[in-house]
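What follows is a single structure, written as structure tokens, with notes after it.
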Amino acid sequence: MSATKDSAASQGQKRKREEKDVTNNKKAQSDKPSASIYKNLQLAEKPVYKNLQIAEALKTQSKSKKQRLDKSNKAEKPKFKNLQIAESQKSVSKETQDDKVHRDESQKLGTGINRPHNLPAARQSKLLQVRQSLPIWPQAANIRNALLENHVLILAGETGSAVTQPRRVAAVSLARRVAEEMGTPLGKSPQALVGYNVRFDDNVGKNNRIKFLTEGMLLQEMLRDPALTEYSCVVVDEVHERSVNVDLLLGFLRGLVTGTSEAAKKRKGRPLKVVVMSATADTEKLKDFFSEGFGQPRIEDNIPTVDDSAPTVDGKEASVEVSQKPSVSSSNKISTCFVEGRMYSVQTEYLSEPTRDFSEAALLQIFQIHRKEPMPGDILVFLTGGDVITNLQQAIEDMIPNVITKDSGLPKLIVLPLYAALSQAQQQAIFSPAPPNTRKVILATNIAETSITVPGVRFVIDSGKAKIKQFRNRLGLDSLLVKDISKSSAIQPRGVHDVMDFPLLTRPSREAMERALLQLLQLDALNPEDGNISDLGRKIARLPLTPAHGRTIIAAADPEMGCLLPVIDIVACFNSENIFVEVKDQDANDEAREARNKLSRRQGDHLTLLSAVQAYASERTDRKQWAKQHLVSHRSMQNVMDVRKQLRAQCQQAKLLTKEQLATADDDDDLNTISESTGNNILKCFLRGFPTNVARLVPDGSYRTIHGHMAVAIHPSSVLYGRKLEAILYNEFVYTNRTYARSVSAIQMNWLEEIYAAPA
DNA sequence: GAGCACTGC
């Protein structure tokens, strides 16, 4: 796909970054003696870790956060929720080795897949040894037979039993691992049997037999090939993590595998196997979900029936352990398999009384652990935010001289904060080993939940609380919307009907669906007559963006607007982390502030972002230095440039952008080239994509949204903070103590009429 | 004058 044909240089950079992440993982694995598992007892009954690597090294407290939260939700009395101290105690796992199964496996694996041939024998035997020790190993024959006999396999696993994750790094590292196991190169080489495809990194070769990709990538592929004709089997892992992408994917896969969707016809009878891997708790729900599909009438009668001559294990049913009696409709079509995990006993201590001030309780616990517990053993404390962390750090450091006196004979204590706003270097500090006779105390937000592994931690103090961004369903509803919703309800036939009936594991409320449909109607992504997706909607869908940003891009490509390239730059910023580094009082000198201020544009944040991107792009000598001088995040900017390149390529593919325009694009990367009228056009395009994100000044000096008349204030991070303007357009709402509009620009009310007068 | 984090195309 040309969209991903980035320059070699950029690819290389990106890959380096990926590899760095992977290295971190590996590092954690090799830290076997110090790495530990944090689970409280209740959790030990539920699967937590699903990863090949776990078998080798028990890893990461990071992922367990979610589980700990699950647990705290279930706690009966809130008074036990406040403080949990989990000390890890690794117990010896029960290894089940079955030589017969093993021989059997080795023979069967040999069919169709190349055996490792270019690996040293020692490495080969080590890999095999590791494989055999995996809890899933004894189940291999069952799993294979279940797949031969059924269309769908639901694989539930406990700790350390199965494979992938829905994240880019996971897709890449797993592909690498599986390629190694198979003894073949990874990616595009002709010998490579394993490849991967994640955003900005397409490493798939013609001869690949197995491809690891993110869910979003597969959905993107399905836009081109809804029947997934290139594949005979799709494995969806980590389903319990439940993203919208997973739900959509399962819905499409159900349609294909049951023959109930139109797309299934295009497989022309070629069988598709679906393996869904999830935590145990979801098994029944998943089974019901697929059973329901098999119970429905097929559109395509050509779906292959299950091969009755397929071999079975000793003639018994292949499903094992937790398999339920299959319902009549799904007999021989769905099987479930449960892979036993390994248990680790973990000690959980609760605070005997509820505590008001978690920081205070944590402070006491930290010193108690420090006094009582032997070295080594670092402490990890989960807290809600950066400010809380700073305060607690101060409190600990104040207390150190009182507790750790010369006479006490206690080891030293160092405090290391970890939250997103810290620089990369500060974040890395937690990985460096503590000096001799020193215990590390890491104070972290849930940044550590998914992406960071801290070796050496043996104690976790967790409040059981976390701030989680929540979509507020009710807000944004207003009289105008209600009116339009009845309009959308009136167009029930065909398209809309299909959407409403699309099989989803968890169905959104009808209200939410209708609101979403209304938004798509407003963006001209649906035909108002029949509710089907419009040509414009198709174009929007192919862009890796929200519909609103996609619509903005399409509007900008209109020759009358003629501002596609600058709009892409701004949209790229909205799809990256904040490019402007937080200005702390001391660490910013006047020079840097001034340099940053020069990037500001009086029209608002959209054009300010644009000027920053263009200035960065036109810097040809040392961009890192430029970023530092302008208080701009180099890391975020690199991501912006990646997204920008991808969007440009996709716009070219969609014929929104010509080669010639693209060729001259880089020459235009210069400050002050945006004229007043171009600036206005840019904002009008955003207005097209965000028609309801408009607020106007009311007589009391505040802003109110034009839809719903909700009070909003300009966020303090905006260049327009404190300004009184006729009307503002904003990229998003932020709900905190007040309702803020973030990323704000000044607009004129008459632009609204102009836009709505224009034909769709 | 605000301020949780992470993931994905």
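Lettering follows sequence order; numbering is per chain, from 1.
- Considering only side-chain N and O atoms, A:T214 lies under 4.0 angstrom from the phosphate OP1 or OP2 of B:dC9.
- By the side-chain hydrogen bond (donor to acceptor under 3.5 Å, both in side chains) test, A:E221 is found to be paired with A:K211, A:Y231, residues two or more places apart in sequence or in another chain being considered.
- Across the protein-nucleic acid pair, A:R538 atom CZ and B:dC9 atom P stand 23 Å apart, rounded to whole Å.
- A:L543 places its CG atom 15 Å from the C1' atom of B:dG8, with the value rounded to the nearest Å.
- Distance from the side chain of A:V198 is smallest to B:dC9 among B:dC9, B:dG1, B:dG3.
- Here the P atom of nucleotide B:dC6 and the CZ atom of A:F382 are 12 Å apart, to the nearest Å.
- Between A:H630 and A:F580, a ring centre-to-centre spacing not shorter than 6.0 Å is recorded.
- Protein atom CZ of A:R723 is 16 Å distant from nucleotide atom P of B:dG1, rounded to whole Å.
- Counting heavy atoms from C-beta on, the side chains of A:L250 and A:L286 come closer than 4.5 Å.
- One can place NE2 of A:H549 at 19 Å from P of B:dG8, the figure rounded to the nearest angstrom.
- Closest to the A:Y721 side chain, of the nucleotides B:dG3, B:dC9, B:dG1, is B:dG1.
- Nucleotide B:dC4 holds its C1' atom 16 Å from the OH atom of A:Y740, rounded to whole Å.
- One can place CG of A:N245 at 15 Å from P of B:dT7, the figure rounded to the nearest angstrom.
- Taking the charged nitrogens against the carboxylate oxygens, A:R688 and A:D524 do have a contact shorter than 4.0 Å, which makes a salt bridge.
- Across all strands shown, A:L545 has heavy atoms under 4.0 Å from base atoms, whether or not it also approaches the sugar-phosphate.
- Between A:L443 atom CG and B:dA5 atom C1' there is a gap of 16 Å when expressed in whole angstrom units.
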